[in-house]
Amino acid sequence: MKTVRTAQELSEAIEALRAEGRSVGFVPTMGALHAGHVSLVERAKAENDAVVVSVFVNPTQFNNPDDLRTYPRTEEADCEKLAAAGVDIAFLPGVEDIYPEPDTRVFDLGPVADVMEGAMRPGHFNGVAQVVSRLFRMVNPDRAYFGEKDFQQIAVIRRMVEIEGFDIEIVACPIKREDDGLALSSRNVRLSADQRALAPGIHRVLAESVADARSHSVAEVKKAVAEAINAIDGMEVEYYEIVNPNDMQPVAEWPDGEAVGCVTVYMGDVRLIDNIKYPIA
Ligand code: PAF
């Protein structure tokens, strides 16, 4: 694995791959890598000749300075995992490499970015669009891989790709879970032992609600899910929304196709997100 830190080094490494005619799969990350990230790398390896992974904690997508400060940074362990997973290029830039000057662009991301995370974390998705567009320009991949745990983020990135006119395929990959159902997240390491023991309750409640959806309205399922998660010791639901997966807009009735329930839960100051698909039809 080649490890590069500057835009210049990255561009030389990518040029060498392209000179060999190799297709490039790209996995952008903020580090603190876990098996979920490794599954994205595996998928990228299966579908491309070479894989590039970036590790960059992007300051412009954090609207809470404490969240940025406490975000786990584990560069050495990350590089070991990436090398073991067979990554070709690990890109570990500093802030000055990604933002040689401040990025003042405001993306017209539209309705997909207005609800849920967009409503709760003003500026977050604009920051994601800024960094991913910069990384896409630098890496110029054929395909880029994102986990469905951040379900809304994928819709936002697709919209950014449309705005910027990138010819890059966005590949959505299924959520990776611990054996007890907890969605893998870099934030899980911040849970205390007691919180960690209770955290799988989020997925359990969501999974159980899929059967309820056959005999209950959207409003009833939303209420029951929020109440059941709030009843777990130390959990506070920030939002639970059931949306159309294409435009992220809340649905009032079960659609013929798929709907997706997206939840954000606070356990102390740790913010966990998860989602579930409702196949009603
Ligand atoms: O999902 C993430 O880890 C980040 O939002 C991303 C896509 C790497 C951009 O910083």
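When a ligand or atom number is given, it counts from 1 through the structure's own listing order.
- For CD of E20, the number of neighbouring non-hydrogen atoms (other residues, nucleotides, ligands) closer than 6.0 Å is greater than 12.
- Between D78 and K81 there is no salt bridge, since no side-chain nitrogen of the basic residue lies less than 4.0 Å from a carboxylate oxygen of the acidic one.
- Cluster membership check: L68 does not share its hydrophobic cluster with M120, using side-chain heavy-atom separations under 4.5 Å among Ile, Leu, Val, Met, Phe, Trp and Tyr.
- Between E9 and F91, every side-chain heavy-atom pair lies at or beyond the 4.5 Å cut-off.
- A salt bridge links E117 to R271: one of the charged nitrogens lies within less than 4.0 Å of a carboxylate oxygen.
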Exercise answer, ligand 1 polar atom pairs (N/O) under 3.5 angstrom:
unit_1: ligand 1; atom_1: 1 (O); unit_2: Q153; atom_2: NE2; d: 2.8
unit_1: ligand 1; atom_1: 5 (O); unit_2: Q61; atom_2: NE2; d: 2.9
unit_1: ligand 1; atom_1: 5 (O); unit_2: Q153; atom_2: OE1; d: 2.7
unit_1: ligand 1; atom_1: 10 (O); unit_2: Q61; atom_2: OE1; d: 2.6

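- Each of V53, V27, V24 was checked for a side-chain contact (heavy atoms from CB on, under 4.5 Å) with V139, and the lone residue meeting it is V24.
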